[in-house]
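Every chain is numbered from 1 and lettered A, B, ... according to where its sequence line falls, protein lines coming before strand lines.
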Amino acid sequence: MLQVNFIRENKERVLAGLKTRNYAGARLEIVDQVLALDDRRKSTQTELDTILAANNKLSKEIGGLYKAGKRTEAEGLKAQVESQKGKVKELESAMRQIKEDLTNGLLEIPNVPNPKVPAGNTDEDNEVLQDWAGDLPDMGDKAQPHWELGEKYNLFDFGLGAKITGAGFPLFRGKGARLQRGLINFFLDEAHKAGYEEIIPPLLVNEDSARATGQLPDKEGQMYHATKDNLYLIPTAEVPVTNVYRDVIINEKDFPIKMTGHTPCFRREAGSYGKDTKGLNRVHQFDKVEIVQIVHPEKSYDVLQEMLNHVEGLLQKLELPYRILTLCGGDLGFTSALTYDFEVYSAAQKRWLEVSSVSNFETYQSNRLKVRYKGADKKTHLAHTLNGSALALARIVAALLENNQTEEGIKLPKALHSYVGMEVIC
RNA sequence: GGAGGAGUGGCAGAGCGGUUGAAUGCACUGGUCUUGAAAACCAGCAUAGGCGAGAGUCUAUCGGGGGUUCGAAUCCCUCCUCCUCCGCCA
């Protein structure tokens with residue numbers, strides 16, 4: 001969430017940001033509401049502190065009086081402090097309520113989009129930052145979509161997944177499973193070479209973690225919830241990996257913090273029935289290698305570019321046609337300031353598939369995470385956090401299968417030969 | 001799952017109802033000394049919030065939350081985590 005002081009000092013920017021996200025009318029009032037609550041918080045705090053300070057002072061005097069044996073005087077002061085107790089209780093409970101309201105208000109305000117974020121409502125309005133320069137592969141009418149190829153080469157089985165669990169839980173087998181494993185290793189090795197520390201995190205997280213990276217309360221309905229223990233299945237490795245640094249004050253010279261992790265990701269995808277749900281395009285469980293960086297605020301946009309380059313390098317090694325989009329205000333994630341999406345062209349489906357999302361959250365996440373660093377001025381400041389998929393498996397598999405299908409089988413890109421242990425899936 | 005023990009500043013570790021936001025040591029930062037370094041010595045060294053132009057000052061925080069009390073790191077309740085033993089088990 002944003003810091004109240006930031007909102008106070010940059011009210012016009014925040015409002016402009018909300019408008020970029022297509023907020024209008026009454027929805028914009030949240031900003032003033034939050035500022036009013038913060039004013040109340042301050043005045044209540046002052047009032048409470050004044051009484052507490054007086055009480056503390058008297059209590060110390062009482063201690064002194066008892067030592068000196070002046071009981072009667074002490075009793076008098078006791079009564080004086082006691083008479084304030086009701087007021088203190090009242091103010092404390094008011095304070096709790098105000099803080100809760102304030103936090104809830106702040107949770108409703110999304111991150112301020114970077115000026116580069118184009119206006120727009122839906123993914124149709126996303127701006128193509130870098131289009132595919134070459135020709136798109138034309139496989140002709142005989143080209144099979146990946147779900148048919150998967151069946152043909154016995155790579156994955158949706159029916160079995162549905163039998164064991166339910167729709168949207170694919171089961172990979174044989175060469176399909178080896179392809180998955182090879183891709184995971186390839187992505188992790190590339191991240192390792194780029195200086196990311198590998199993390200194998202827990203796959204279930206507690207409420208604090210989910211809240212800190214912003215999945216709660218924003219995406220509550222999208223996560224699987226183990227209610228008995230109140231734990232959430234992670235929708236992305238971003239959650240546990242970023243939370244490594246929750247409540248940590250980082251030494252400035254330890255920047256940049258670079259972490260990567262492979263995990264399965266679990267998403268309920270509530271409300272997205274029908275569209276795009278065929279095959280591996282949208283599933284409840286998929287594997288992903290995520291890269292996360294925690295950096296100095298001045299460096300975060302350079303780092304965003306670095307991460308973009310990393311993802312681009314992966315796609316080049318996989319020899320897949322891709323393009324990069326700048327997400328528009330309407331499509332931009334709640335917590336992000338600037339997001340680039342990578343899309344890969346899927347030749348048989350004749351459409352672009354999103355395979356990576358690289359974002360700079362600036363201080364939006366770190367404010368909740370309380371990830372700070374001590375600056376040269378010896379004060380603590382919020383760090384910037386970024387993350388990106390590098391890459392999401394299921395759709396990469398879809399594109400690899402569709403784009404590389406031949407009479408002899410699926411010809412894998414060179415980079416994967418040693419990882420998958422074969423050159424052609426047949 | 002059962003029984004017991006413990007959670008204090010970056011770390012170690014005192015304090016166990018009264019000016020203790022917290023002794024001491026280590027680490028760290030600055031200074032003196034030195035050609036330089038080490039050692040020695042001196043000083044500084046938690047986080048968040050309020051008020052203040054600032055110096056500063058007040059408030060809260062000793063795992064989390066609640067309570068008792070004029071006053072709690074210290075007493076009580078509850079939750080969490082860790083350790084030891086028993087049981088079960090990949």
Side-chain angles (χ1 to χ4, degrees), chain A residues 1-9 34-107 200-212 216 226-232 240 243-255 257 294 363 365-383:
Chain A
M1 56 191 179
L2 296 173
Q3 298 175 98
V4 198
N5 285 339
F6 175 85
I7 298 175
R8 191 179 294 283
E9 286 157 25
V34 158
L35 291 178
L37 274 168
D38 192 47
D39 286 337
R40 274 184 60 206
R41 191 198 108 246
K42 285 184 187 177
S43 60
T44 310
Q45 174 92 70
T46 305
E47 198 182 343
L48 177 62
D49 282 358
T50 308
I51 298 176
L52 287 177
N55 285 357
N56 284 346
K57 195 159 168 259
L58 288 174
S59 291
K60 281 177 186 170
E61 282 176 32
I62 291 169
L65 289 172
Y66 268 117
K67 270 189 187 157
K70 298 176 178 168
R71 291 195 77 87
T72 336
E73 279 181 56
E75 295 295 333
L77 291 184
K78 263 197 198 181
Q80 206 177 322
V81 177
E82 203 158 10
S83 70
Q84 294 296 315
K85 277 185 126 181
K87 186 75 184 162
V88 168
K89 279 243 156 84
E90 194 184 301
L91 285 170
E92 278 176 345
S93 101
M95 199 65 189
R96 254 195 298 275
Q97 188 60 50
I98 292 167
K99 278 186 177 169
E100 196 187 316
D101 293 346
L102 181 59
T103 304
N104 288 338
L106 286 171
L107 288 175
I200 301 182
L203 304 181
L204 286 97
V205 294
N206 59 30
E207 231 179 288
D208 286 344
S209 295
R211 198 177 304 284
L216 287 179
T227 52
K228 203 160 187 176
D229 297 294
N230 196 23
L231 297 173
Y232 293 87
N243 268 281
V244 166
Y245 281 90
R246 168 152 53 91
D247 291 323
V248 172
I249 297 178
I250 296 163
N251 197 325
E252 204 176 0
K253 59 177 183 266
D254 291 333
F255 280 141
I257 310 276
I294 301 173
T363 59
Q365 269 188 336
S366 57
N367 188 33
R368 276 203 236 179
L369 282 157
K370 297 279 175 288
V371 186
R372 292 154 295 174
Y373 68 95
K374 266 221 198 305
D377 57 1
K378 307 225 168 173
K379 288 184 181 161
T380 56
H381 304 275
L382 293 173

Sugar-phosphate means primed atoms, P, OP1 and OP2; the rest is base. With that split, encode nucleotides 51-71 of chain B 5' to 3' as B, S or - using protein heavy atoms under 4.0 Å. S------SSS-----S---BS
Looking at residues at least two apart in the chain, or sitting in another chain, which of them share a salt bridge (Lys or Arg N to Asp or Glu O under 4.0 Å) with A/R372? none
For A/Y245, check ring-ring contact (aromatic ring centres under 6.0 Å, His included) against everything at least two apart and list the hits. none
For residues 42-54 of chain A, tabulate all N or O donor-acceptor pairs below 3.5 Å that involve a side-chain atom, not counting sequence neighbours.
from	atom 1	to	atom 2	distance (Å)
A/S43	OG	A/D39	O	3.4
A/S43	OG	A/R40	O	3.2
A/T44	OG1	A/R40	O	2.6
A/Q45	NE2	A/D49	OD1	3.2
A/Q45	NE2	A/D49	OD2	3.4
A/T46	OG1	A/K42	O	2.9
A/T50	OG1	A/T46	O	2.7

Nearest-Å distance once atom P is located in both B/A72 and B/U61: 8 Å
Give every donor-acceptor pair under 3.5 Å between a side-chain atom in residues 90-106 of chain A and any protein atom, sequence neighbours left out.
from	atom 1	to	atom 2	distance (Å)
A/Q97	NE2	A/D101	OD1	3.1
A/T103	OG1	A/K99	O	2.9
A/N104	ND2	A/E100	O	3.4

Inter-nucleotide C1' distance (B/G31, B/G21), Å rounded: 26 Å
With pairs defined as Watson-Crick or G-U wobble and both distances under 3.5 angstrom, please note down RNA chain B as a dot-bracket string, | for pairing with another strand. ((((((((.[[[..)..(.....]]].(((((.......))))).((((((....)))))).[[[[[..)....]]]]])))))))....
Shortest non-hydrogen contact from A/I294 to A/A383? CG2-CB, 3.8 Å
Name all residues meeting the salt bridge (Lys or Arg N to Asp or Glu O under 4.0 Å) criterion together with A/D208; count only those two or more places apart in sequence or in a different chain, and write none if there are none. none
Can a donor-acceptor pair be found between the side chains of A/S209 and A/N206 at a distance below 3.5 Å? yes
Taking only distance into account, with no hydrogens and no angle test, what donor-acceptor pairs under 3.5 Å do side-chain atoms of residues 76-89 of chain A form with protein atoms, sequence neighbours excluded?
from	atom 1	to	atom 2	distance (Å)
A/K78	NZ	A/Y66	OH	3.2
A/S83	OG	A/Q80	O	2.6

Looking only at heavy atoms, which two atoms of A/N243 and A/A212 are closest? And how far apart? OD1-CB, 3.5 Å
Pick the C1' atom in B/G13 and in B/U24, then give their distance to the nearest Å. 8 Å
Using the C1' atom as the reference point in each nucleotide, state the distance between B/U74 and B/G7 in Å, no decimals. 14 Å
A/N251 CG to B/G10 P, in whole Å, measures 13 Å
Any donor-acceptor N/O pair, A/D247 side chain to A/K370 backbone, under 3.5 Å: no
For A/R368 and A/L107, what are the C-alpha separation, side-chain angles and deciding distance, and is it a side-chain contact (heavy atoms from CB on, under 4.5 Å)? CA-CA 10 Å; A/R368 276 203 236 179; A/L107 288 175; 3.3 Å; yes
What distance, rounded to whole Å, do you find between the two P atoms, one in B/A12 and one in B/G17? 25 Å
Step-by-step side-chain contact (heavy atoms from CB on, under 4.5 Å) determination, A/V371 to A/R246: CA-CA 6 Å; A/V371 186; A/R246 168 152 53 91; 5.8 Å; no
With A/L204 via side-chain contact (heavy atoms from CB on, under 4.5 Å) - residues at least two apart: A/A226, A/L231, A/L233
May I have the distance from A/Q3 (atom CD) to B/A48 (atom P), rounded to whole angstrom? 10 Å
Taking only the C1' atom of each, what is the distance from B/A73 to B/A46 in whole angstrom? 15 Å
Please list, pair by pair, any protein nitrogen or oxygen found under 3.5 Å from a nitrogen or oxygen in nucleotides 43-47 of chain B.
from	atom 1	to	atom 2	distance (Å)
B/U47	OP1	A/K374	NZ	2.0
B/U47	O3'	A/R372	NH1	3.0

Would you measure the distance from the P atom in B/C26 across to the matching atom in B/C75 and give it in whole Å? 30 Å
Going by ring-ring contact (aromatic ring centres under 6.0 Å, His included), name the residues that satisfy it together with A/Y232, two or more places apart in sequence or in a different chain. A/H225
Considering only atom P, compute the distance from B/A14 to B/G25 and round it to an integer number of Å. 15 Å
Here the distance between atom C1' of B/G50 and atom CG of A/L91, to the nearest Å, is 14 Å
For nucleotides 76-83 of chain B, give me every protein contact, N/O to N/O, under 3.5 Å, one pair per line with atom names.
none

